[in-house]
Amino acid sequence: MSLFPVGHASHDDWHHAVEQVVLQLRGQMLRQPQAPYRLGLIYLSQSLAPHAQELLALLARSLPQVTDWVGSSGHTVLAMEHEYSASYSLAVMLLDISAADYRVYSGVAPLALGGAEAGFEAHSALVHSSIDQPDLGELLLELSERTSSGNLFGALSDERGAQIACRAEDLPQLRTGGAVGVFHAGFSGVAFDSDVACMSRLAQGCSPLGVGMEITQATGPVLLELEGEPALPRLLQLLDVQASSGSNPGEGGGWQAALSQLRKTQAAIAPLGRGLERGALTDEAQVLHIVGLDPVRQGVALSSPVEPEHTVIFCQRDTSEARHELMQMGAALKDALQPDFADAGSDEGGNEAAHAEAAQHIRGAIYVSSKGRGSEMFGGADAELKLLRHALGPVPLIGVVADAQLMDARVHQLAGVLTVFTGK
């Protein structure tokens with residue numbers, strides 16, 4: 001089993017950063033000279049977005065064996081154990097998978113309806129888009145229906161971001177200075193068929209404050225009624241704080257106490273009656289910020305629109321829970337890679353060898369995190385990635401801190417989404 005090569009660097013001159021990345025990749029590729037490294041994944045800092053076209057062209061010229069490129073910009077670039085928040089940073093991972101097992105897609109080359117085309121059937125997809133993409137939820141659902149598993153994973157950047165989706169047929173134009181393979185709107189990424197084994201897991205890092213409540217009335221992003229009662233008093237009751245109904249937020253000690261608690265509190269939205277399991281949030285729960293209060297209508301304003309006939313679960317960020325969740329996620333992934341033999345209890349020596357031969361291993365990983373995680377939650381630069389490395393072992397990893405994270409067809413704003421590629 002070979003590991004995917006990874007290169008990462010940061011430099012005041014982005015050309016030098018690209019050169020360092022290329023040198024790192026070439027050194028690792030020499031260990032597997034016959035491996036067909038056709039697909040390149042790129043994550044770059046937001047400040048590099050205006051240079052994405054030149055950067056892509058330089059990478060394509062420097063690594064001519066790579067025929068397809070996919071990537072996105074973000075607030076912070078993640079690579080191995082490092083968070084790069086400096087101005088010009090990038091990370092690149094090369095995948096040696098067959099050209100028949102993936103398709104690069106974008107607005108000019110969309111994924112086929114049903115995901116099937118010319119012998120290719122999409123099973124899962126890496127997705128990059130913008131947080132302000134119109135009809136985002138509906139379009140993600142449609143895209144998920146173009147895969148057989150519904151497994152979408154990826155990142156949403158802000159309106160200043162850049163997406164990269166360059167196909168083999170674009171390379172001649174790219175190498176002669178053409179503007180191709182870089183997008184600033186819509187959806188782009190790469191779809192994989194079922195022969196590319198990958199698994200995704202979600203980390204929320206939040207502890208529920210109580211049971212879920214049904215949203216019985218909402219307007220846009222404002223919760224107005226929970227289980228038939230005004231939303232704001234229900235939330236304040238849950239937080240065990242009181243506010244004077246005769247004053248505005250920011251006035252009076254009661255509101256100050258309420259606002260202090262609310263700054264620590266988020267709202268997880270899930271399908272009605274779901275979102276909690278054994279006292280923890282499930283992957284169906286989408287955690288949103290509480291961005292304001294409406295004392296006139298007794299409402300609670302969230303960071304995204306919500307609809308009635310859903311469940312809201314109020315929760316708070318929890319450092320201890322977040323650390324435990326990352327470790328648990330790594331353990332669950334490693335456990336899922338082990339074969340399940342019916343006669344595993346046998347102590348015959350041959351069984352041990354067969355077990356080792358059949359076990360899957362992580363070849364590379366993509367991690368998409370949020371601005372509310374990282375050093376803010378884990379207590380220091382690189383702390384989140386070091387914890388992930390402790391949980392997974394020394395596997396190649398790149399990623400990005402994005403405005404939102406994708407898991408299946410759901411948009412998360414405060415999560416970490418880890419996807420691992422596996423093989424024997």
Side-chain angles (χ1 to χ4, degrees), residues 36-44 49 52-61 63-73 92-136 138-157 159 161-196 198 366 400 406 409 419 421:
Y37 294 110
R38 295 188 178 92
L39 177 61
L41 304 183
I42 313 168
Y43 286 110
L44 54 141
Q53 190 71 71
E54 299 169 83
L55 184 148
L56 174 61
L58 180 55
L59 280 172
R61 289 194 301 268
L63 298 166
Q65 61 273 69
V66 180
T67 59
D68 300 273
W69 294 93
V70 169
S72 176
S73 62
V92 177
M93 177 183 287
L94 303 182
L95 281 64
D96 58 333
I97 58 179
S98 168
D101 292 334
Y102 69 88
R103 289 290 185 277
V104 173
Y105 66 89
S106 65
V108 299
L111 194 59
L113 190 62
E117 57 171 82
F120 174 80
E121 182 176 356
H123 180 72
S124 59
L126 171 62
V127 182
H128 298 128
S129 188
S130 172
I131 190 70
D132 58 354
Q133 170 68 39
D135 303 317
L136 178 61
E138 292 84 352
L139 292 172
L140 281 171
L141 185 59
E142 179 187 327
L143 184 58
S144 73
E145 291 171 349
R146 300 189 181 204
T147 68
S148 59
S149 70
N151 179 21
L152 305 182
F153 55 95
L156 302 181
S157 61
E159 68 278 358
Q163 304 168 39
I164 292 171
C166 185
R167 301 169 297 156
E169 47 265 52
D170 300 324
L171 287 181
Q173 185 180 350
L174 178 68
R175 286 169 177 157
T176 55
V180 64
V182 176
F183 303 87
H184 298 278
F187 288 86
S188 67
V190 56
F192 302 101
D193 68 12
S194 57
D195 287 336
V196 179
C198 61
I366 298 172
V400 69
L406 297 180
T419 300
F421 295 88

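Note that these values count all heavy atoms, side chains included, but never hydrogens, waters or copies made by symmetry.
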**Report entry** Under the side chain to side chain donor-acceptor pair (under 3.5 Å) test, residues paired with Ser188 that sit two or more places apart
**Finding:** Gln163
Query raised in the report: With sequence neighbours excluded, what pairs up with Ser124 under the side chain to side chain donor-acceptor pair (under 3.5 Å) test?
Result: none
Report summary line: What one should report as the nearest heavy-atom pair of Gly178 and Gln53 is O-NE2, 3.7 Å
Query - Test item: Ser130 side-chain N/O and Ala185 main-chain N/O as donor-acceptor pair under 3.5 Å - result: no
Query - Closest approach of Leu39 to Val66 (non-hydrogen atoms, all atoms of both residues) - result: C-CG1, 4.1 Å
Requested in this report: Would you mind reporting whether Leu126 and Tyr102 have side-chain heavy atoms less than 4.5 Å apart?
Outcome: no
**Report entry** Residue pair Val182 / Ala162: nearest heavy atoms and the distance that separates them
**Finding:** CG1-CB, 4.4 Å
Query - All salt bridge (charged side-chain N to carboxylate O under 4.0 Å, His left out) counterparts of Asp96, not counting sequence neighbours - result: Arg363
Requested in this report: Just jot down the side chain to side chain donor-acceptor pair (under 3.5 Å) partners of Tyr105, sequence neighbours excluded, or say none.
Outcome: none
Query raised in the report: Which atoms form the tightest heavy-atom contact between Ala191 and Leu111, and what is the distance?
Result: CB-CD1, 3.7 Å
Report summary line: Value for CH2 (Trp69) from CG (Leu63), rounded to nearest 0.5 Å, stands at 5.0 Å
Donor-acceptor list for residues 165-174 side chains, cut-off 3.5 Å, not counting sequence neighbours:
unit_1 : atom_1 : unit_2 : atom_2 : d
Arg167 : NH1    : Glu169 : OE2    : 3.0
Asp170 : OD2    : Arg167 : N      : 2.9

Query raised in the report: Under 4.5 Å between any side-chain heavy atoms of Leu44 and Ile42, yes or no?
Result: yes
Requested in this report: Hey, could you give me the CG/CD distance between Leu56 and Glu54, rounded to the nearest 0.5 Å?
Outcome: 11.0 Å
Report summary line: When rounded to the nearest 0.5 Å, the distance separating OG of Ser73 from CG of Leu55 is 11.0 Å
Query raised in the report: Mind checking whether Leu136 and Leu156 have side chains closer than 4.5 Å, heavy atoms only?
Result: yes
Query raised in the report: Could you state the interatomic distance from CZ (Phe187) to CG (Leu143), rounded to the nearest 0.5 Å?
Result: 6.5 Å
Query raised in the report: How about Asp68 and Val190: do any of their side-chain heavy atoms sit closer than 4.5 Å?
Result: no
Requested in this report: Answer yes or no: is there a side-chain heavy-atom contact under 4.5 Å between Ser72 and Tyr43?
Outcome: yes
Query - side chain to side chain donor-acceptor pair (under 3.5 Å) against Asp195, all qualifying residues, sequence neighbours excluded - result: none
Requested in this report: With rounding to the nearest 0.5 Å, note down the distance linking CD1 in Ile366 to CE in Met93.
Outcome: 6.5 Å
Query raised in the report: Any sub-3.5 Å donor-acceptor pair from Glu145's side-chain atoms to Gly150's backbone N or O?
Result: no
Query raised in the report: If you take all heavy atoms of Gly40 and Leu94, which pair is closest and at what distance?
Result: CA-CD2, 3.9 Å
Query raised in the report: So, do Val70 and His128 sit near enough that their side-chain heavy atoms are less than 4.5 Å apart?
Result: yes
Report task. List in chain and number order the residues that pass salt bridge (charged side-chain N to carboxylate O under 4.0 Å, His left out) with Glu142, two or more places apart in sequence or in another chain; answer none if no residue qualifies. Result -> Arg146
Query - Partners meeting ring pair (Phe, Tyr, Trp, His ring centres under 6.0 Å) with Phe421 (sequence neighbours left out) - result: Phe192
Query raised in the report: Roughly how far apart are Leu140 CG and Ser129 OG, rounded to 0.5 Å?
Result: 7.0 Å
Report summary line: Heavy-atom nearest pair, Asp132 first then Glu159, reads OD2-CB, 3.4 Å
Query - With sequence neighbours excluded, residues passing side chain to side chain contact (heavy atoms under 4.5 Å, CB included) with Ser98 - result: Ala100, Asp101
